Protein chains: 2
Amino acid sequence: MFEVFRKYLSSKANLSDADFERIKAVSVIKKLRKHQYLLQEGDVWRSNAFVAKGCLRRYQIDAKGQEHILTFATENWWIGDRDSLLTGNPAISNIDAIEDSEVVLINKENFDQLCQQLPTFNEFIQTILQKSFIASQNRIYATISYTAEEKYQNFISTRPELANRVPQHMIASYLGISAETLSRVRNQMTKK
Amino acid sequence: MFEVFRKYLSSKANLSDADFERIKAVSVIKKLRKHQYLLQEGDVWRSNAFVAKGCLRRYQIDAKGQEHILTFATENWWIGDRDSLLTGNPAISNIDAIEDSEVVLINKENFDQLCQQLPTFNEFIQTILQKSFIASQNRIYATISYTAEEKYQNFISTRPELANRVPQHMIASYLGISAETLSRVRNQMTKK
DNA sequence: GAAATAGCTTGATAAATGTCAAGATAATTC
DNA sequence: GAATTATCTTGACATTTATCAAGCTATTTC
């Protein structure tokens, strides 16, 4: 599974074989069965996780016990709880596997060292953060300005790989609408 | 006005007098009257802007002509269009002054140089990006999971400096609810 | 300081979306 | 492969929020 990670890295940053070895030395492969937690609310998140295979979600549970999905991550995505990682506080979000998955974990200390030692690595990691932030802002725009149907349309075009991969009630949760509304919206769309 | 910026910087990063001089040399002060644009949709955004005085907002206009506010920035905040800055594409958002304001502008090239030359500067800029992203994710959670009243309550506690400073229809726009609903929510809250 | 504009509130009504319940089908588990 | 569980759909109805319109203040402009 490290090969998937290596292939991803080499497409993003110019790294030598020695660099790859250094990265490999601090990478930990973790296999997850469907429904298995990678992070549970209350625990501290101390790593960066790269998804080599499968699909995971990050979500928070509100006062009424409802889940709200913040992130989906499939192959070649990163996932984690940045808040907990940065502050060291217990996480308020959960991460679990939607499918049997494999992730590459690099703990914070090792990851920071890699960033310091490998400038190209650092650079593309920074770019990911930049792009993630921009995507996050775009999602806010969608959430505050779109109707339910527009939210779903936008989801299909921005995350096409997920539309037929994850259950629809999870897509609904991600979009902030009810599963029933999503079902009706989809029904309407086919009639057009 | 550079003094405000200097004071802010010195509270965030360990910088020498020479460093400050270097920063000052590439800083451009810009004064804005209320309602004046700092960035207009269609133009390319090429700087980082620090708010030394006043209050600005960043917003997008939807297909129906409605404004949706993405960001408020008061003293000691940064504002800009990261998407346009990163990609070089024309901005789809607008930035204008809600009050008479003064901003410190540093263009992209100079800013990147500062980051390369001043490690502590770079470090705290990265931290701001991290925290901004976390805040953005928290806002998504609020937007997809809270009722109108909860959104406003949350706004008051996360952005107390804005609650009595910007018009309420702008707060409503930021929260993704109508101005009338916000008015009613506020009315209800006083009765409790 | 009169006139114009912007901001806020309130009522009446409409529209969008949520909730609850039931049933159908598909997928998973033992 | 039978039983269980998860997923999706649909209907009926409730609730939340939006929209439209009017009026009232406060603020800004000339």
Side-chain angles (χ1 to χ4, degrees), chain A residues 32-36 54-55 57 59 62-69 72 96-101 142-156 162-192, chain B residues 32-36 54-55 57 59 62-69 72 96-101 142-156 162-192:
Chain A
L32 294 160
R33 305 256 295 270
K34 187 174 174 175
H35 296 136
Q36 189 179 341
C55 183
R57 62 176 180 155
Y59 60 97
D62 70 20
K64 290 178 193 152
Q66 260 206 293
E67 295 174 355
H68 301 276
I69 297 179
F72 288 113
D96 66 19
I98 298 176
E99 309 168 358
D100 292 351
S101 305
T143 319
I144 66 177
S145 74
Y146 289 168
T147 63
E149 176 167 346
E150 288 168 339
K151 284 172 191 173
Y152 182 62
Q153 296 269 23
N154 180 248
F155 180 78
I156 289 175
L162 292 171
N164 294 307
R165 190 167 175 180
V166 305
Q168 279 162 45
H169 67 90
M170 290 192 188
I171 297 177
S173 165
Y174 179 90
L175 297 177
I177 63 180
S178 71
E180 293 93 333
T181 294
L182 178 57
S183 174
R184 282 182 252 261
V185 157
R186 281 162 47 84
N187 190 333
Q188 287 232 329
M189 281 166 57
T190 59
K191 286 177 185 161
K192 285 179 181 170
Chain B
L32 295 160
R33 305 254 295 270
K34 187 175 175 174
H35 296 135
Q36 190 179 342
C55 183
R57 64 177 178 152
Y59 60 96
D62 70 20
K64 290 177 192 152
Q66 257 205 294
E67 295 174 355
H68 301 276
I69 298 178
F72 288 114
D96 66 20
I98 298 175
E99 310 169 357
D100 293 351
S101 305
T143 319
I144 66 176
S145 74
Y146 289 167
T147 63
E149 177 168 345
E150 289 168 338
K151 284 172 191 173
Y152 182 61
Q153 297 270 23
N154 180 248
F155 180 78
I156 289 174
L162 293 171
N164 294 308
R165 189 166 176 181
V166 305
Q168 279 163 46
H169 66 89
M170 290 191 189
I171 297 176
S173 165
Y174 179 90
L175 297 177
I177 63 181
S178 72
E180 293 93 333
T181 294
L182 179 56
S183 174
R184 282 183 251 261
V185 157
R186 281 162 47 85
N187 190 335
Q188 288 233 329
M189 281 165 58
T190 59
K191 287 177 185 163
K192 286 182 182 170

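In this text, all values refer to a predicted model and were calculated from it rather than measured experimentally. Chain letters run A, B, ... following the sequence lines, proteins first, then strands; residues in each count from 1.
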Which nucleotide in C:dT9, C:dT17, D:dT28 has an atom nearest any side-chain atom of B:Lys34: D:dT28

Side-chain donor/acceptor of B:Ser173 to backbone N/O of B:Ile69, under 3.5 Å: yes

Pairwise side-chain contact, B:Asn154 with B:Glu150, heavy-atom cut-off 4.5 Å (strictly under): no

Atom pair distance, as rounded to whole Å: CG in B:Leu182 and C1' in D:dT16: 15 Å

Shortest side-chain distance from B:Thr147, nucleotide among D:dT17, D:dA18, D:dT9: D:dT17

Under 3.5 Å side-chain donor-acceptor pair for A:His68 and A:Asp62: yes

Nearest-Å distance for atom pair CG/P, residues A:Asn164 and C:dA26: 16 Å

Separation of atom NZ in B:Lys64 from atom P in D:dT19, rounded to whole Å: 7 Å

Interatomic distance, A:Gln168 CD vs C:dA24 P [rounded to whole Å]: 20 Å

Proximal nucleotide (of D:dT19, D:dC8, C:dC8) relative to the B:Ser178 side chain: D:dT19

Side chains of B:Ile98 and B:Lys34 in contact at under 4.5 Å (non-hydrogen atoms): no

Distance, rounded to the nearest Å, where B:Asp100 contributes CG and D:dT27 contributes P: 16 Å

Separation of C:dT29 C1' from A:His35 NE2 (nearest whole Å): 12 Å

Residue mapping more 5' on DNA chain D - nearest nucleotide basis, B:Ala179 or A:Ala179: A:Ala179

B:Thr181, nearest nucleotide to its side chain (from C:dG7, D:dC8, D:dT17): D:dT17

Shortest side-chain distance from A:Ile177, nucleotide among D:dT10, C:dG18, C:dG7: C:dG18

Between D:dA6 (P) and A:Met170 (CE): distance, integer Å: 11 Å

Phosphate-side-chain proximity, B:Asn187 and C:dT10, N/O vs OP1/OP2 below 4.0 Å: yes

base_contact_polar (D:dT19 base, B:Arg184 side chain, donor-acceptor, <3.5 Å): yes

Under 3.5 Å donor-acceptor, A:Gln188 side chain and A:Val185 backbone: no

Distance in angstrom units between A:Leu175 CG and C:dG18 C1', rounded: 15 Å

No-H, no-angle donor-acceptor pair, A:Glu180 side chain to D:dC8 base, under 3.5 Å: no

